[in-house]
There are 4 protein chains.
Amino acid sequence: MRSPRTRQTRWLVRDREILEAALRLFAENGYHGTTVDDIARAANTSKGGIYFHFPSKGDLFLALLDYAAGLLFSKVDRAVRDVDDPVAKLERGLEVFVRTIASHRTLARFFLVEGFGAGPAFQARLRDVHELFIGLIKDQLEAAIRQGRIRPVDTGLISVIWFGALYQLLLRWLSTGESAPLEESYDRLVRVLAKTIDLEFD
Amino acid sequence: MRSPRTRQTRWLVRDREILEAALRLFAENGYHGTTVDDIARAANTSKGGIYFHFPSKGDLFLALLDYAAGLLFSKVDRAVRDVDDPVAKLERGLEVFVRTIASHRTLARFFLVEGFGAGPAFQARLRDVHELFIGLIKDQLEAAIRQGRIRPVDTGLISVIWFGALYQLLLRWLSTGESAPLEESYDRLVRVLAKTIDLEFD
Amino acid sequence: MRSPRTRQTRWLVRDREILEAALRLFAENGYHGTTVDDIARAANTSKGGIYFHFPSKGDLFLALLDYAAGLLFSKVDRAVRDVDDPVAKLERGLEVFVRTIASHRTLARFFLVEGFGAGPAFQARLRDVHELFIGLIKDQLEAAIRQGRIRPVDTGLISVIWFGALYQLLLRWLSTGESAPLEESYDRLVRVLAKTIDLEFD
Amino acid sequence: MRSPRTRQTRWLVRDREILEAALRLFAENGYHGTTVDDIARAANTSKGGIYFHFPSKGDLFLALLDYAAGLLFSKVDRAVRDVDDPVAKLERGLEVFVRTIASHRTLARFFLVEGFGAGPAFQARLRDVHELFIGLIKDQLEAAIRQGRIRPVDTGLISVIWFGALYQLLLRWLSTGESAPLEESYDRLVRVLAKTIDLEFD
DNA sequence: TATGAATGAGCATTCATTCAT
DNA sequence: CATGAATGAATGCTCATTCAT
């Protein structure tokens, strides 16, 4: 699995507290619905404190994108690291990705929705993060093809389709108040997606 | 094709001028990056003029969602109205949907991205619009099944996958500066999606 | 009884409709809490209609002061016109004044309270109206003295005291939601005020 | 003398500077004739500064009512605290009340007139303050009766009359540009009011 | 490092007034 | 005479950012 293109900063303890607070607030109220004061309060520090750790609200948001992507990525990476078979790796990776997002409503909202809320200036960065995950899928598909596990397919397109489908599924799950169990519809999703590479999962 | 759930307001001439101006600005600079003054200027009217036609900036945005969805929907609807075969209807509908969005960068950005940028308060409404289009796909799939044109499938899930894939494709096309021709990758997309219903398009 | 110093305009029918509507709204919501649109709607006309009859909102307010004072004054004047004895005239005049105000909550609020709400620029005019009524009291006191009905007193001061006391009584009656009957406390008031001129009313 | 019902906030230094500036401006130009910017400028601070200390213009105004009432009340209270005889207490209290108001045109205008100018929403609060002072008078009258210093009278009514008369006297003095000396007419007023309780002051 | 008072540019919204029809 | 769309100056309020302590 390719090493992430995300800036892998080592976050200090205090940074993390702020980032966690900001993550929650941004996810819940959006970028513009969250004030620096709100974040300071939630992080048990002061406005000045925030500005000591991050040069601006925008930079904090950008850092948060990296932070959140790092969280997600490392979870997936750890789960997949010692799986050898690329198809199994894909299965496992997607599963952990979905499971992680599903169990962190906050992460989900930030990653899927509110990331766009900061305005056009920040959207490119969120796309980068999305591309990172599309790339992860693509890499495994290509490995699977190289190893003859699946027939050659348009990996660039398939990875986009898979990510798009996953994204849309999660989005709906988020907006319907998470009433329906995500697990079950996820299983069905995977089975359908498998058809796009002429494979029967499970 | 189901009649739209969108509020079918009859927009007056002046309303439309304002909506068009707002559409362009919101799409380009986001909800928070666009001031009412900007809109007034772009619509060749005054701030007060905007408020004479719309009760608030937020209402204007909401009205815009309906307006944009109406534009898209009527385009698709007109193109599909006198096609009988549901599979052909689907093909044609998706094609017109993509073509329309692709030829209106502004509409695309607004519809796909900036709709979320206005903050949590507006996201529910954008989701409604997305659901409307997911519903259109679902309806045709079910008609196709009823008429025996395709095998029975999980239409609820398939329609989400298709929309998600389409969405993601358009999103990438938008963010890559529309360099690559959308048409070509769209054709490949359709062929892959067809596999999810065990069908060979074309 | 002296003829009023108030501009005794002959109000046209349409003027009156507007004035009555404005009176009600100003009394209820204050000068700044009432828009020209509100008045237009309440008077069954349009904004332009208002401006045809009155040059500005401020002028309408000023006209209203005259109109309201005229209403009050003419009521009192009619009741008192053919009373000869100045003491009886006083008694009757005050009684009608209080009764009229008490039965027109709107008139009361406008005359006693909201008249001040239009800002310093208009307060002088309201004071004029108040002075008019103080003058009415003073005139009768002086007549009574001239006719030997009461002992010579400081009429300038006494009239202010009486008006002030009456004013305060009405103010409290207004703000307590008019729960207590005004009539009864008014009777007691008069008896007390009589002492200030060494007289026993009734 | 009853302890004041007024919110006895401890105003901080900066609060006071703002309150004093606002008092002057509100008194001179009325509530609606005074902008928050005006106040900021007059208080040598910025608009944001005002909002750091007071949540809104309306709250500032309300705070000002308490502040002004507190000023007046404490002046009167201090002057009266160690006077034992209730009649002397009344005399002294009213005198200080009038003298204080008379020497602070600003306080006078705010307290007597502009308090009403802010619109219906604020009038209740001003009435409360007025009632506070009416209550002070009433308390002393009752004490005087209890101690047999004056004959039993309708203290509720008398206190309203006295306050109303005082109020009106001050109002006229204000609007006539304070040309005539208030002291002299005040002395005459007291002598007349004394008659309402069958007493000869001085 | 941390704090929080202060700043001021920015913005949505209101509303008296005008004027073409 | 009447209408109501249009204007734009005015204003209350927000909030990212700074900086003295």
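Below, chains carry the letters A, B, ... as their sequence lines are ordered, and counting in each starts from 1. Because the structure is predicted, anything quoted here is derived from the model rather than measured.
Listed by chain and number, the residues in a side-chain hydrogen bond (donor to acceptor under 3.5 Å, both in side chains) with C:S46 amount to none (sequence neighbours excluded). Every residue meeting the side-chain hydrogen bond (donor to acceptor under 3.5 Å, both in side chains) condition with B:D59, not counting sequence neighbours, appears here in chain and number order: B:S56. With sequence neighbours left out, the side-chain hydrogen bond (donor to acceptor under 3.5 Å, both in side chains) criterion links D:T106 to no other residue. With sequence neighbours excluded, the residues satisfying side-chain hydrogen bond (donor to acceptor under 3.5 Å, both in side chains) with A:K47 are A:D37.
A salt bridge is absent between D:D128 and D:R125; no separation between the charged side-chain nitrogens and carboxylate oxygens falls under 4.0 Å. Ionic pairing of A:E20 and A:R16 is not present here: no N-O contact between side-chain nitrogen and carboxylate oxygen is shorter than 4.0 angstrom.
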Check: residues 115-123 of chain A side-chain donor-acceptor pairs under 3.5 Å, at least two apart:
{"from": "A:Q123", "atom 1": "OE1", "to": "B:R109", "atom 2": "NH2", "distance (Å)": "2.9"}
{"from": "A:Q123", "atom 1": "NE2", "to": "A:F116", "atom 2": "O", "distance (Å)": "3.3"}
{"from": "A:Q123", "atom 1": "NE2", "to": "B:E114", "atom 2": "OE2", "distance (Å)": "2.7"}

Show me the side-chain donor-acceptor pairs of residues 22-33 of chain A shorter than 3.5 Å, one per line, residues at least two apart or across chains.
{"from": "A:Y31", "atom 1": "OH", "to": "A:G58", "atom 2": "N", "distance (Å)": "3.4"}

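Atom pair D:I50:CD1 and F:dT11:P shows a separation of 15 Å (rounding to whole Å applied). If you take CG of C:D38 and P of E:dT14, they are 12 Å apart, rounded to a whole angstrom. In this entry the distance linking CD1 of C:I18 with C1' of F:dC1 reads 12 Å, nearest Å. C:R41 has its CZ atom 18 Å from the P atom of F:dA2, to the nearest Å. B:I39 places its CD1 atom 16 Å from the P atom of F:dA6, with the value rounded to the nearest Å. At whole-Å resolution of the value, CG in D:D15 and C1' in E:dA5 are 12 Å apart. As a whole-Å value, the separation of D:E17 CD from E:dA5 C1' is 13 Å. Put simply, CZ on D:F52 is 8 Å from C1' on E:dA6, counting in whole angstrom units.
Contact check, C:R14 against F:dC1: no side-chain N or O comes under 4.0 Å of OP1 or OP2. In terms of phosphate contacts, A:H53 brings no side-chain nitrogen or oxygen within less than 4.0 Å of OP1 or OP2 of E:dT1.
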Subject >> Strand DNA chain F as a dot-bracket string - pairs counted if Watson-Crick or G-U with both distances under 3.5 Å, | where the partner lies in another strand >> reply: .||||||||||||||||||||
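Within the structure, the ring pair (Phe, Tyr, Trp, His ring centres under 6.0 Å) test picks out no pair touching residues 35-60 of chain A (sequence neighbours left out).
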**OP:** Would you give a per-nucleotide map of nucleotides 12-17 of chain F, 5' to 3', where B means the base has a protein non-hydrogen atom under 4.0 Å away, S means only the sugar-phosphate does, and - means neither?
**Re:** BBBSSB
